[in-house]
Amino acid sequence: MSDKYHIQTRLLHNSHKVHEETGAVSVPIHHSSTFHQFSFDGFGDFEYARGSNPTRKALEDVIAELEGGTRGFAFPSGMAAISTAFMLLSKGDHILVTDDVYGGTYRFVTEVLQRYGIDHTFVDMTNHEEVKKQIKPNTKLLYIETPSNPTLKITDIKAIVAISKAHGCLTFCDNTFLTPVFQRPLDLGVDVVLHSATKFLGGHSDVMAGLAVVKDEELGRQLAFLHNAFGSILGVQDCWIVLRGIKTLQVRMNASSKAALTIAQWLQTRKEILKVYYPGLEDHPGKSIQEQQATSHGAVLSFEFASKNEAKTFVEHMKLPVFAVSLGAVESILSYPATMSHGAMPREERLKRGISDGLLRLSVGLEDVSDLLSDFEQAMRAIEDQSCSSLQERKI
Ligand SMILES: Cc1ncc(COP(=O)(O)O)c(C=O)c1O
């Protein structure tokens, strides 16, 4: 479907809006693992479901259209998408990875790729001189995530792509936090866009899924080969759930992002909070780049208490958000990166990246923002009460 429509319209009116044979307005779920071939000499579009299946293809077409790519791939988790895409590399290659990469990607790069002879260097992707300095003759890939998780650092996508291209490297971008409704990295020159569709694309904490999208047809052919070779494919029921989630993506993300800014500004006024990480705040160093390359600041923010103890008291007194690993859902999700998303990262590495023991991450859902703020307020009071009582105990 043409790009002439706004994204909200395209979420609903895409090439799979109506099933051609039946007129069904919801993509039919094809449970078939294999497909009868009507000709001995020439096979149809579908042969065996590991290679392709009509329901999975619908999701893959939709995400490719939304990201402005030529081909999409659906995986059973974000990590399956990311790890399969890394298999485009070969033994002896070197990669540059953003230093505050998602913990699972960190684990894959450091503990799996390394064993297969693929070396890495972590680098601050906002420091372009340092990025250039770290490129080696065998560097084949620059891997970015923007905004990053959980410190919401903004990488200038175009600048990194320019460095990458100048050195004949590929660029991968994890677009989980913003999705194509807010940011389209392929338009900025990225080669492979990756998603944990478990998050905003699915949107309801009810499915695990991953997606990859490419623009270049040859790269698409190579990724299709790996997808089939590894067999890491998303089941048809889950494809359908993600397709349904995508229909409401823009309204969910708009509402959550608006509330996220309100909460971030409120947190900045609180004496209990050392630092608020949100690219929509005036003092965020990446704000202007974010506004050039994306249409919103997103629905995720992080904030830092002085200690683990204060973060713990706060979490224990919050009533509305769930305290869980994940983000990007209709309900607000509060998480503790030190033991959740970045539990796979050694403490020393974590602290180097600003992921302190007092840091919490909030993915804002669809609750009324005034209810969320009241909840925050009462949990902050609990911290104050606790510090007053421990002060009194010490006096006694
Ligand atoms: C930015 C980012 N990328 C990738 C992943 C991995 O996705 P999944 O949990 O679907 O494997 C996550 C999970 O939290 C994430 O936050």
Side-chain angles (χ1 to χ4, degrees), residues 59 63 67 72-86 97-113 122 125 143-155 157 172-180 182-183 185 190 192-213 227 230 232-235 238-239 241-242 245-246 253 256 260 277 279 294 298-302 322-329 332-345 350 353 355 359-364:
L59 172 60
I63 192 65
E67 285 284 9
F73 302 92
F75 297 83
S77 68
M79 278 320 302
I82 292 167
S83 53
T84 303
F86 273 131
V97 182
T98 185
D99 58 3
D100 49 0
V101 73
Y102 166 65
T105 309
Y106 174 90
R107 176 171 47 206
F108 189 78
V109 165
T110 55
E111 295 186 39
V112 182
L113 283 188
F122 288 107
M125 291 283 179
Y143 187 99
I144 58 176
E145 209 181 287
T146 181
S148 68
N149 182 11
T151 51
L152 286 299
K153 255 173 37 188
I154 303 303
T155 296
I157 301 177
F172 290 4
C173 178
D174 185 328
N175 201 26
T176 298
F177 271 40
L178 292 182
T179 82
F182 289 156
Q183 178 170 274
V190 161
V192 181
V193 168
L194 296 155
H195 284 285
S196 169
T198 314
K199 311 293 163 25
F200 292 102
L201 292 162
H204 296 71
S205 302
D206 54 9
V207 69
M208 294 288 302
L211 296 167
V213 188
H227 201 204
F230 277 98
S232 187
I233 52 155
L234 188 61
D238 291 345
C239 288
I241 294 175
V242 177
I246 284 176
M253 292 212 65
S256 295
Y277 298 89
V300 181
L301 58 115
S302 296
V322 293
F323 179 55
V325 174
S326 203
L327 58 99
S332 291
I333 302 178
L334 196 55
S335 53
Y336 186 54
T339 54
M340 292 179 165
S341 59
H342 289 68
M345 196 176 269
R350 179 166 65 67
R353 289 160 170 80
I355 308 168
L359 189 77
L360 291 176
R361 188 187 73 199
L362 178 74
S363 164
V364 182

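Counting starts at 1 for both ligands and their atoms, following the listed order. We use all heavy atoms of the structure for the numbers below, so side chains are in, but hydrogens, waters and symmetry mates are not.
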Review point. Could you state the interatomic distance from CD1 (Ile144) to NZ (Lys153), rounded to the nearest 0.5 Å?
Key: 12.5 Å
**Study point:** ring pair (Phe, Tyr, Trp, His ring centres under 6.0 Å) against Phe75, all qualifying residues, sequence neighbours excluded
**Key:** His227
Ligand 1: which protein N/O atoms lie under 3.5 Å from its N/O atoms?
from	atom 1	to	atom 2	distance (Å)
ligand 1	3 (N)	Asp174	OD2	2.6
ligand 1	7 (O)	Ser196	OG	3.0
ligand 1	10 (O)	Gly78	N	2.8
ligand 1	10 (O)	Ser196	OG	2.8
ligand 1	10 (O)	Thr198	OG1	2.7
ligand 1	11 (O)	Gly78	N	3.1
ligand 1	11 (O)	Met79	N	2.8
ligand 1	14 (O)	Lys199	NZ	2.6
ligand 1	16 (O)	Asn149	ND2	3.3

Exercise for review: Ignoring hydrogens and angles, tell me if any N or O in the side chain of Arg361 forms a donor-acceptor pair with the backbone of Ser326 under 3.5 Å.
Suggested key: yes
**Study point:** ring pair (Phe, Tyr, Trp, His ring centres under 6.0 Å) partners of Phe177, counting only residues at least two apart
**Key:** none
Check your understanding: From Tyr143 OH over to Ile82 CD1, what is the distance, rounded to the nearest 0.5 angstrom?
Key -> 3.5 Å
Taking distance alone, no hydrogens or angles, what donor-acceptor pairs closer than 3.5 Å link side-chain atoms of residues 199-213 to residues at least two apart or in another chain?
from	atom 1	to	atom 2	distance (Å)
Lys199	NZ	Ser196	OG	3.0
His204	ND1	Gly202	O	3.0
Ser205	OG	Glu331	OE2	2.5

